[in-house]
Amino acid sequence: ANRPDDTFAQARAMWLGAETWRNFNQQNDWVDVFTFDLSSPGPVNIELEVPGNNNFDLELYGQNKLLRASSTTPKNGVDEEISIFLPKLRYFVFVRRFYPTGQPDKNAYYTLTIK
């Protein structure tokens with residue numbers, strides 16, 4: 001792992017209503033992982049704003065590390081979005097970089113929001 005956020009065990013903590021800005025800073029930095037807990041069942045909306053000339057995807061995993069949902073196509077003015085009803089559990093959000101495949105633009109920050 002290149003940074004301390006590239007695996008389930010190293011996931012950065014977030015919470016509902018949180019927003020974070022991150023970038024990919026090395027050629028072999030392909031994923032950032034975040035985690036959040038739901039204290040009660042309910043709808044969750046995860047949005048990823050991707051900087052221009054980049055292709056990032058969004059994935060949601062449950063605490064059992066099984067894929068619950070993903071977004072690979074921009075919708076409704078938001079670059080990637082997952083809207084889902086979830087039970088009370090711990091979840092993991094993966095932001096994956098697919099383009100550029102070479103050295104990433106270190107000034108290209110994405111915005112991740114969990115609502």
Side-chain angles (χ1 to χ4, degrees):
N2 294 305
R3 296 198 312 196
D5 60 1
D6 290 349
T7 67
F8 283 101
Q10 298 171 322
R12 293 181 176 272
M14 289 186 72
W15 57 91
L16 291 180
E19 182 176 271
T20 190
W21 301 270
R22 301 279 297 158
N23 69 340
F24 292 99
N25 64 354
Q26 296 178 6
Q27 184 172 349
N28 55 355
D29 186 12
W30 294 100
V31 64
D32 288 340
V33 184
F34 303 87
T35 187
F36 67 95
D37 293 315
L38 281 184
S39 57
S40 61
V44 174
N45 189 47
I46 304 166
E47 297 177 354
L48 177 66
E49 294 180 23
V50 180
N53 299 319
N54 288 270
N55 181 10
F56 299 168
D57 289 343
L58 186 60
E59 297 172 337
L60 175 67
Y61 291 83
Q63 69 184 21
N64 58 2
K65 300 179 184 171
L66 294 176
L67 182 65
R68 298 289 306 252
S70 65
S71 175
T72 59
T73 306
K75 298 182 199 178
N76 302 328
V78 176
D79 292 347
E80 302 293 342
E81 181 178 33
I82 295 173
S83 294
I84 188 170
F85 188 92
L86 295 171
K88 174 184 168 181
L89 288 173
R90 171 165 286 172
Y91 295 94
F92 297 89
V93 177
F94 278 55
V95 177
R96 294 192 186 272
R97 175 174 74 96
F98 285 97
Y99 183 85
T101 57
Q103 186 67 27
D105 179 358
K106 294 177 185 173
N107 296 314
Y109 283 79
Y110 64 82
T111 304
L112 177 67
T113 307
I114 301 175
K115 302 178 193 175

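In this chain, numbering begins with 1 at the start of the sequence shown. Note that the structure is predicted; figures quoted are calculated from it, not measured.
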Asks: My understanding is that a hydrophobic cluster links ILVMFWY residues whose side chain heavy atoms are under 4.5 Å apart, including indirect links. Using that, what else belongs to the cluster containing F94?
Replies: F8, V31, V33, Y61, L67, F92
Asks: In chain order, what residues pass the side chain to side chain contact (heavy atoms under 4.5 Å, CB included) check against L16, with sequence neighbours excluded?
Replies: L38, V44, I114
Asks: With sequence neighbours left out, what residues match T113 under side-chain hydrogen bond (donor to acceptor under 3.5 Å, both in side chains)?
Replies: E19
Asks: Where is the tightest heavy-atom contact between F85 and P43, given as atom of each residue plus distance?
Replies: CD1-N, 3.6 Å
Asks: Can you tell me how far the OG atom of S71 sits from the CD1 atom of I46, to the nearest 0.5 Å?
Replies: 10.0 Å
Asks: Establish whether F34 and I84 are linked, either directly or via other cluster members, by ILVMFWY side-chain heavy-atom contacts under 4.5 Å.
Replies: yes
Asks: Kindly write out the residues that satisfy side chain to side chain contact (heavy atoms under 4.5 Å, CB included) with T72, not counting sequence neighbours, or none if the list is empty.
Replies: D57
Asks: May I ask you to check whether over 12 heavy atoms, not counting those of N64, lie within 6.0 Å of atom CG?
Replies: yes
Asks: P87: which residues meet the side chain to side chain contact (heavy atoms under 4.5 Å, CB included) condition with it, sequence neighbours left out?
Replies: R68, L89, Y91
Asks: Identify, with sequence neighbours excluded, every residue that meets side-chain hydrogen bond (donor to acceptor under 3.5 Å, both in side chains) alongside S83.
Replies: N45
Asks: How would you list all residue pairs meeting salt bridge (Lys or Arg N to Asp or Glu O under 4.0 Å) that involve residues 92-115, not counting sequence neighbours?
Replies: E47-K115, E59-R96
Asks: Heavy atoms only: give me the nearest A69-I82 pair and the separation to one decimal.
Replies: CB-CG2, 3.7 Å
Asks: Is there a donor-acceptor contact under 3.5 Å from the side chain of D79 to the main chain of V50?
Replies: yes
Asks: With sequence neighbours left out, which residue pairs that include part of residues 83-95 fulfil the salt bridge (Lys or Arg N to Asp or Glu O under 4.0 Å) condition?
Replies: D37-R90
